[in-house]
Amino acid sequence: MRRLEYKWLVGITFVLALIMQILDVTILNVALATLGREFQAEPAQLQWVLTGYMISLAVFIPSSGWIADRFGSKKTFQAAVIIFTLASMLCGMAMSMEMLVGSRILQGVGGGMLVPVGQAMMFRAFPAHERAKAGAVLAIPITVAPMLGPLLGGVLVEYASWRWIFFINLPVGALALLFTILFLEEESTRDPGRFDVPGFVLAGAGLATLLVGLDQGSQIGWTSPAVWLSLAASVLLIGGLVWRELTATSPMLDLRLLANRLFGTGNLLLLCMTGAMFGVLFLIPLYLQTLRGVSPMFTGLTLMPQAIAMLATTQVVSRAYGRIGPKRLVIAGFVVQLFIGGLLQLQNLSTPLWVLALMLATQGVAMGLLMTPVQTATFAAISGPAMGMASSMFNVTRQVATALGTAVVATVLTVLMQHGESTVDPTVPAMVADAQMSAFHGAFLVSVVFAVLGIVLALRVRDADAAATLDRPKAAARQGEPEPSEP
């Protein structure tokens, strides 16, 4: 099989699996209220449908690189698809809340290996100078699935059954598995050494307690002893993980990869990009449905221009990346995000929805400018054998950034909402509404903070370090920049 054909087969296979995983998350959010009524579950019980999956992800994402190196990327990816698809079937067949939560935990096992292993396989299949094209391929499920998820979830719950929000994964998973069996090749990887049991425990427990602490802090408040205990435990566990992985002969996570200037900076840029994006994605539906009285379906339609603009921009950027280089594209993306954060301060309760949709479309342009350059440049100096471990670390950063961005904006919104409502007459609806709008304005400023941090970090990026991914690898050198550093 020619290499040209194979790389696209890997891309299609990974896109199918990624669509399945992202759709599952976005569809489920729409159905939570229905699940609560179906199983007569209290909110605390219902929360475990999300938390159990999140903890399972946290345990298996860090170890996915070692597992793929030990058993082979193809076998690991196959196993991940099978586990996720089987768990989806069990979720749809659940007859009790306990069975549903247990099946969701099993889903997290598959999901925790699915994305980092698939991403590593895809980046190995594409030569370094074509990885921007791989980034454009990845943009399809990342933008389309969140756009379709809420709409599809609403239709399935209303006109079919909540069970179909899980059963819909079965044909997609079967197709991804078929592609994996028929077309993917097993890859030769480096010897990962013995399984790092202490690293596995510390990484899984540390990431899980951090994610749970961030999630619970934004929901029940940061003064809760349970939240502080969770965050304190995560600090101790992650500190122990860093010490263990830097001293272990065969670490599960090679933290020394972060010493590479571009890989380390790229992970921080991912933190800023994801934090800004998911913070706004969390706020907009809440704003539209609570303050503007917009239906879930029209909320999805208002968000749709953002996904379309992001998808279109990534396709253009993937072609321009090789000529322009990552630095200017990343700075441009964060500047546009900064601009949108400012524009969101101007909206009010009478702003036409088409104006808000236009703002969100512009944010989609910002995300499109950022996604491919950040992802491509981050892995520019990573060699094939180290790709699995690097991908695991990159996806750990993505999970933390998603939780952090949501937690920060939720906390800022809650604090400002409480403060604003306490200073106005609660019997005057207009005053209460204005106070709530001001709270959303303050929460939208979080994206501005992330954008400013992103611009500062982008100044550390050197195009010469990403020379292997450019169409003109000597261009940066002609500008007087030093040669790329090795990981």
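Within the 4.5 Å cutoff, side-chain heavy atoms of Pro62 are placed close to those of Leu207. Two residues are said to be in side-chain contact when any heavy atoms from C-beta on lie closer than 4.5 Å; Met97 and Trp48 fail this criterion. Looking only at side-chain heavy atoms (C-beta outward), Leu170 and Met89 come within less than 4.5 Å of each other. Looking at heavy atoms from C-beta onward, Met367 lies out of side-chain contact with Val336 at the 4.5 angstrom threshold. Side-chain contact between His441 and Gln347 is present, with at least one heavy-atom pair separated by less than 4.5 Å. Counting heavy atoms from C-beta on, the side chains of Val330 and Val461 never come closer than 4.5 Å. Inter-residue side-chain proximity for Cys91 and Leu100 is flagged as met; some heavy-atom pair is nearer than 4.5 Å. A heavy-atom distance below 4.5 Å is not found between the side chains of Arg462 and Lys327.
Screening residues 9-18 for side-chain hydrogen bond (donor to acceptor under 3.5 Å, both in side chains) gives no qualifying pairs among residues at least two apart or on separate chains.
Considering every non-hydrogen atom in both Ser391 and Gln119, the closest pair reads OG-OE1, 2.9 Å. Contact between Leu369 and Gly333 at its shortest, heavy atoms only, is CB-CA, 3.7 Å. The minimum heavy-atom distance between Thr378 and Gly266, with the atom names listed, is OG1-CA, 3.2 Å. The two residues Ile331 and Ala458 have their closest heavy-atom pair at CG1-CB, 3.6 Å. Residue Leu114 comes nearest to Val81 through the heavy atom pair CD1-CG2, 3.5 Å, listed as atom of the first residue, atom of the second, then distance. Shortest non-hydrogen contact noted between Asn348 and Arg292 is O-NH1, 3.6 Å.
One distance of note links CZ of Phe126 with OG1 of Thr376; it measures 10.5 Å at 0.5 Å rounding. Annotation: the span from Phe123 atom CZ to Thr469 atom OG1 amounts to 10.0 Å, rounded to 0.5 Å. The CD1 atom of Ile340 sits 9.0 Å away from atom OG of Ser447, with the distance rounded to the nearest 0.5 Å. Rounding to the nearest 0.5 Å gives a distance of 11.5 Å between CD1 of Ile105 and CG of Leu57. Taken from CE in Met277 to SG in Cys272, the straight-line distance is 13.0 Å, to the nearest 0.5 Å. Separation of atoms OG (Ser234) and CG (Leu214) is listed at 7.5 Å; rounding is to 0.5 Å.
Side-chain atoms of Arg104 do not come within 3.5 Å of backbone N or O of Gly52 as any donor-acceptor pair. In this structure, Thr85 contributes its side chain and Ile82 its backbone to no donor-acceptor pair below 3.5 Å. Of the possible polar contacts, one joining the Ser230 side chain to the Thr209 backbone as a donor-acceptor pair under 3.5 Å is found. Between the side chain of Thr265 and the backbone N or O of Leu262, no donor-acceptor pair lies under 3.5 Å.
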- Item | Intermediate values then yes/no, side-chain contact (heavy atoms from CB on, under 4.5 Å), Met113 and Phe77 | CA-CA 7 Å; Met113 295 187 293; Phe77 189 76; over 6 Å; no
- Step-by-step side-chain contact (heavy atoms from CB on, under 4.5 Å) determination, Leu445 to Val448: CA-CA 5 Å; Leu445 284 175; Val448 172; 4.1 Å; yes
- Please lay out, stage by stage, how Thr372 and Tyr321 fare under the test side-chain hydrogen bond (donor to acceptor under 3.5 Å, both in side chains). CA-CA 8 Å; Thr372 296; Tyr321 172 89; over 6 Å; no
- Task: Test side-chain contact (heavy atoms from CB on, under 4.5 Å) on Leu283 and Phe444 and set out the steps.
- Result: CA-CA 8 Å; Leu283 288 172; Phe444 281 125; 3.6 Å; yes
- Let me see the working for Phe183 and Trp8 under ring pair (Phe, Tyr, Trp, His ring centres under 6.0 Å), right down to the final yes or no. CA-CA 10 Å; Phe183 302 121; Trp8 292 112; over 10 Å; no
- Task: Please test Gln107 against Ser56 for side-chain hydrogen bond (donor to acceptor under 3.5 Å, both in side chains), starting from the C-alpha separation and ending with a verdict.
- Result: CA-CA 8 Å; Gln107 260 192 327; Ser56 189; over 6 Å; no
- Evaluate side-chain contact (heavy atoms from CB on, under 4.5 Å) for Arg37 paired with Thr34, printing each intermediate quantity in order. CA-CA 5 Å; Arg37 291 191 297 270; Thr34 302; 3.4 Å; yes
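The pair Asp465-Arg460 fails the salt-bridge criterion, with no side-chain N (NZ, NE, NH1 or NH2) lying under 4.0 Å from an Asp/Glu carboxylate O.
Listed by chain and number, the residues in a ring-ring contact (aromatic ring centres under 6.0 Å, His included) with Tyr287 are Phe440 (sequence neighbours excluded). Checked against side chain to side chain contact (heavy atoms under 4.5 Å, CB included), Leu270 has the following partners two or more places apart in sequence or in another chain: Met273, Thr274, Val374, Phe394, Thr397, Arg398.
Taking a 6.0 Å sphere around CE of Met93, one finds it holds 12 or fewer heavy atoms contributed by other residues, nucleotides or ligands.
Checked against the 6.0 Å centroid threshold, Trp164 and Tyr159 do not count as a close aromatic pair. Taking the six-membered ring where the residue is Trp, the centroids of Trp162 and Phe39 are separated by under 6.0 Å.
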